Amino acid sequence: MDNASDKFFFTGTETEITEQAVAFIIAEAYRAVSDHGRFSLVLAGGNSPRSLYRQLAKGVANNERAASKGERTFMPWKKTWLFWGDERSVPADHQDSNYQMARETLLSQVPVPETHIFRMPAEQDDGNKAAREYEETLRSFFIARDSLSEQDFPIFDLVILGLGDDGHTASLFPDNAEALQETERWVVSVSEPLAKPPGKRLTLTLPAINHARNVLFFTIGREKAGLAKRIFSAEEKGVPASRIVPVNGKTFWFTVQL
Ligand code: 6PG
């Protein structure tokens with residue numbers, strides 16, 4: 001493990017890193033519930049989190065003894081609220097939907113109340129309207145509970161992020177200066193012809209992510225592990241993921257060396 005005071009870097013096999021990340025997420029959930037009565041978790045999209053979400057649904061064995069007895073600690077799902085970091089402009093049941101991927105690998109397996117799940121309405125034709133809608137959803141959640149003022153930003157307990165080969169994260173892509181320079185909005189609509197899949201998306205903005213208590217990058221693949229390490233050590237400063245620097249939070253990198 002490599003770390004400074006507010007950032008930590010873990011690397012290993014997919015099994016090791018997935019179990020470590022799940023143990024961290026569950027521990028953070030209980031810490032948040034104990035501290036302020038709830039855990040607000042932002043889910044990432046793409047394919048890498050599939051194994052993470054499946055393992056999160058299974059909980060974690062706290063130690064060897066618990067493991068030998070099959071005892072597991074599960075997330076405090078009744079005290080957990082779920083959001084997304086970004087979403088493609090497709091229907092909620094589409095194979096490219098980040099919500100659908102989470103539904104398949106996690107939401108369908110755990111007792112999180114449906115009223116605690118806040119999907120991004122990215123399928124709407126009017127992306128800006130959809131972005132404003134989701135931002136209102138976030139504002140009503142956080143302002144009601146954290147007595148934030150209008151110009152504050154959401155304070156998510158944990159934001160899970162992936163990493164693209166080009167250093168994008170959420171749907172903040174290197175070629176989209178306007179989205180990367182956003183300083184007020186919490187959610188924006190972007191059009192990404194070079195993304196996989198290409199097209200319109202909704203994404204949290206840098207300030208919305210950077211006010212989180214914790215950010216967790218989860219990446220799979222040797223190339224991404226190399227890029228992750230360069231971003232972590234500030235050798236690489238020019239990609240969107242390099243701009244994830246929590247204002248009052250910590251950053252954890254879990255990178256799987258394939
Ligand atoms: C998305 C994701 C995106 C993803 C990276 C990595 O909607 O595509 O949010 O930021 O995390 O592109 O994707 P993989 O995990 O599939 O490599």
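Every value quoted in this text rests on a predicted model; they were computed, and no experiment measured them. One is the number of the first residue; the rest follow in order along the sequence. When a ligand or atom number is given, it counts from 1 through the structure's own listing order.
- Using modelled atom types and a 3.5 Å distance limit, the side chains of N128 and S189 yield no donor-acceptor pair.
- Counting protein heavy atoms only, atom 12 (O) of ligand 1 is closest to H168 NE2, 2.7 Å.
- Among all protein heavy atoms, the one lying closest to atom 8 (O) of ligand 1 is R88 NH2, 2.9 Å.
- Nearest non-hydrogen protein atom to atom 6 (C) of ligand 1 is L163 O, 3.4 Å.
- In this structure, the side chain of K224 engages the main chain of L163 through a donor-acceptor pair within 3.5 Å.
- Environment of CD in E64: sparse, with no more than 12 heavy atoms of neighbouring residues, nucleotides or ligands closer than 6.0 Å.
- Of all the atoms in ligand 1, the ones that sit under 4.0 Å from a non-hydrogen atom of G162 are 11 (O).
- Annotation: cation-pi geometry not satisfied between K250 and F8 (NZ/CZ under 6.0 angstrom from ring centroid, within 45° of ring axis).
- Interface atoms of ligand 1 facing R201, defined by a heavy-atom separation under 4.0 Å, are 1 (C), 7 (O), 8 (O).
- Take F24 and apply the ring-ring contact (aromatic ring centres under 6.0 Å, His included) test, not counting sequence neighbours, and it matches F252.
- On a distance-only criterion, K224 and ligand 1 share at least one N/O pair closer than 3.5 Å.
- Closest of all the heavy-atom pairs between I220 and E14 is CD1-OE2, 3.5 Å.
- At least one N/O-N/O distance between A170 and ligand 1 falls below 3.5 Å.
- Applying the side-chain hydrogen bond (donor to acceptor under 3.5 Å, both in side chains) test to every pair with at least one member in residues 159-182, sequence neighbours left out, gives these pairs: D86-S171, D166-H168, S171-R201, N176-E192.
- Within the 4.0 Å heavy-atom criterion, neither part of E87 lies near ligand 1.
- Smallest separation of non-hydrogen atoms from I26 and V60: CD1-CG1, 3.7 Å.
- When hydrogens are left out, the protein atom nearest atom 2 (C) of ligand 1 is D86 OD2, 3.5 Å; that is the closest non-hydrogen contact.
- Atom 16 (O) of ligand 1 has as its closest protein heavy atom N47 N, 2.8 Å.
- In terms of polar-atom proximity, defined here as any N/O pair under 3.5 Å, S48 does make such a contact with ligand 1.
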